[in-house]
Number of protein chains: 2
Amino acid sequence: MHKATEQLSVYLAGQGLKSTRQRDRILDVFVSAGRHLSAEELYLLIRKTDRRIGYATVYRTLKLLAGAGLAHERRFEDGITRFEYDAAEGHHDHLICTRCGRIIEFENEQIEDLQLRVAKKNRFQVQTHKLELYGLCEGCQSKKGKTEL
Amino acid sequence: MHKATEQLSVYLAGQGLKSTRQRDRILDVFVSAGRHLSAEELYLLIRKTDRRIGYATVYRTLKLLAGAGLAHERRFEDGITRFEYDAAEGHHDHLICTRCGRIIEFENEQIEDLQLRVAKKNRFQVQTHKLELYGLCEGCQSKKGKTEL
DNA sequence: CTGCAATTGAAAATGGTTATCAAAATCATC
DNA sequence: GATGATTTTGATAACCATTTTCAATTGCAG
């Protein structure tokens, strides 16, 4: 049992929820993918090895994982919600390639500090934040053509 | 004729598009509102004084205004697209109250610089960016209850 | 085991946004 | 002004990601 599966069990037990084959399977595929996935992408991945899991269950389980702190919900400019596995590491932001969809993560302490300073100046109490830089990744800068997003 | 109406005329003429009562009216109400509006909010505002303008036209016109540089499209975490009138001022970011929906704008040169530095380090060519701080505005910090977003 | 609450899957519903299309409006040209 | 090609409009249907519904199934405490 990986750390993630363990963490899910603990969460489910604590909430009086049930452990199911579907939930374990979805988490497993999700963690293995190791990248940002939309509900549909995950559904299709799971379908490859298990056709007995429904679309709605994938959506429901992703929400559940987000609640358990095992997944983070990200909504970028294309309007599709994506989830990323992120057990409990620190906050990070994203560089998003508008051509190939590639997502690069980064952390920057200085920017975070400046954000808090801005909030303070406006007497605003920050709960979460979101910083996204849209543009072309290295590989796409040399290519020609339309952007994807 | 305000500056915005003038600007729209010039844009329409330049693109071989037509000037219509609806477009002028929508722009006028939009600019007068002086705040971030969703298509639906704008539609309802317009309906108060002119019931002959359709829903679809409001959507189409907002897209048009965005193309003309008269409106900026913003998509926050609630999934609803909002537009803000912004003739040609510089880029700015947002503080968004998760309780009352209030939106405060801010600019911060230092953060922008750091963003470019991060991008450079990742050999990423930035096209646009988005920085949003979600939390409680001053007025909402003292209130109790559920958040709206 | 048993029983009941939680969960599932398939399908329908939802909600914001966009496409369709016939009718109406715009505008360059006469 | 009138004409006519082209654009725009409004009502409605379609779209599409996501959520809800609900009967059937499953997990698990007792």
Side-chain angles (χ1 to χ4, degrees), chain A residues 5 8-27 29-30 36-47 49-68 71 73-83 101 148-149, chain B residues 5 8-29 36-47 49-68 71 73-83 101 148-149:
Chain A
T5 313
L8 178 59
S9 294
V10 171
Y11 176 78
L12 291 175
Q15 301 289 310
L17 301 175
K18 293 175 180 172
S19 177
T20 65
R21 175 180 61 79
Q22 288 89 336
R23 286 174 176 169
D24 286 342
R25 188 100 198 82
I26 290 168
L27 175 61
V29 175
F30 176 54
H36 294 71
L37 290 176
S38 65
E40 190 184 6
E41 288 172 324
L42 182 52
Y43 171 68
L44 292 175
L45 271 181
I46 290 168
R47 251 176 100 74
T49 59
D50 188 345
R51 302 179 71 85
R52 294 176 304 160
I53 292 184
Y55 213 82
T57 302
V58 174
Y59 270 94
R60 282 188 288 235
T61 304
L62 281 170
K63 290 267 174 208
L64 179 79
L65 295 179
E73 203 171 335
R74 308 282 184 192
R75 203 169 308 174
F76 302 130
E77 284 296 278
D78 63 359
I80 297 175
T81 302
R82 266 166 259 261
F83 292 82
E148 188 181 86
L149 296 182
Chain B
T5 314
L8 178 59
S9 294
V10 171
Y11 176 78
L12 291 175
Q15 301 289 311
L17 300 175
K18 293 173 181 175
S19 176
T20 66
R21 174 179 61 77
Q22 287 88 338
R23 287 175 174 166
D24 286 343
R25 188 103 198 79
I26 290 168
L27 175 61
D28 185 47
V29 176
H36 295 70
L37 290 176
S38 65
E40 190 183 7
E41 287 172 325
L42 182 52
Y43 172 68
L44 292 175
L45 271 182
I46 290 168
R47 251 177 100 74
T49 58
D50 187 344
R51 301 180 71 85
R52 296 175 303 160
I53 291 184
Y55 214 81
T57 301
V58 174
Y59 269 95
R60 282 188 289 234
T61 303
L62 280 170
K63 289 269 174 204
L64 178 80
L65 294 179
E73 203 170 337
R74 308 281 184 193
R75 204 170 306 174
F76 302 130
E77 285 296 279
D78 63 0
I80 297 175
T81 302
R82 266 166 258 261
F83 292 80
E148 187 183 84
L149 295 184

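Each chain gets a letter, A, B and so on, in the order its sequence line appears, and its residues count up from 1. Side-chain atoms are counted along with the backbone in the values below, which use heavy atoms only and exclude waters and symmetry mates.
- Using a 4.0 Å cut-off, some side-chain N or O of A:Thr20 falls inside it from OP1 or OP2 of C:dT8.
- Each of B:Arg51 and B:Arg23 has a nearest nucleotide on DNA chain D; the 5'-most of these lies closest to B:Arg23.
- If you check every strand for non-hydrogen atoms under 4.0 Å, A:Ser19 touches sugar and phosphate atoms only.
- Of the candidates A:Thr61, A:Ile53, A:Leu62, A:Leu62 is the only one forming a side-chain contact (heavy atoms from CB on, under 4.5 Å) with A:Leu42.
- Between the side chain of A:Arg23 and the backbone N or O of A:Lys18, at least one donor-acceptor pair lies under 3.5 Å.
- Residue B:Ile80 has its side chain nearest to C:dG16 when only D:dT8, C:dA11, C:dG16 are considered.
- With B:Arg74 contributing its side chain and B:Arg82 its backbone, the two residues share no donor-acceptor pair below 3.5 Å.
- Between the C1' atom of C:dT26 and the CZ atom of B:Arg21 lies a distance of 13 Å, rounded to the nearest Å.
- Distances shorter than 4.0 Å separate some side-chain N or O of A:Thr57 from OP1 or OP2 on C:dG9.
- Remark: B:Gln22 is in phosphate contact with D:dG10, judged by side-chain N or O atoms under 4.0 Å from OP1 or OP2.
- In this entry the distance linking OH of B:Tyr43 with C1' of D:dG10 reads 9 Å, nearest Å.
- Side-chain to base pairing of B:Arg60 with D:dG10: one donor and one acceptor N or O lie within less than 3.5 Å of each other.
- One atom, CZ of A:Arg52, and another, P of D:dT26, lie 9 Å apart when rounded to the nearest Å.
- If you measure from atom CG of A:Leu64 to atom P of D:dT18, you get 17 Å, rounded to the nearest angstrom.
- Across the protein-nucleic acid pair, A:Glu73 atom CD and D:dT19 atom P stand 8 Å apart, rounded to whole Å.
- For B:Arg75 and D:dA17, the CZ to P distance is 13 Å, given to the nearest whole Å.
- OP1 and OP2 of C:dT18 both lie 4.0 Å or more from every side-chain N or O belonging to B:Tyr59.
- OP1 or OP2 of D:dT18 has at least one side-chain nitrogen or oxygen of A:Thr81 nearer than 4.0 Å.
- Each of B:Lys18 and A:Glu40 was matched to the nucleotide of DNA chain D holding its nearest heavy atom; the match closer to the 5' end belongs to B:Lys18.
- In this entry the distance linking NZ of A:Lys63 with P of D:dT20 reads 9 Å, nearest Å.
- A:His36 and A:Phe76 have tilted rings, their planes meeting at an angle from 30° to 60° on a 0 to 90° scale.
- Summarising the geometry, the separation between CG on B:Asp78 and C1' on C:dG16 is reported as 11 Å, rounded to the nearest angstrom.
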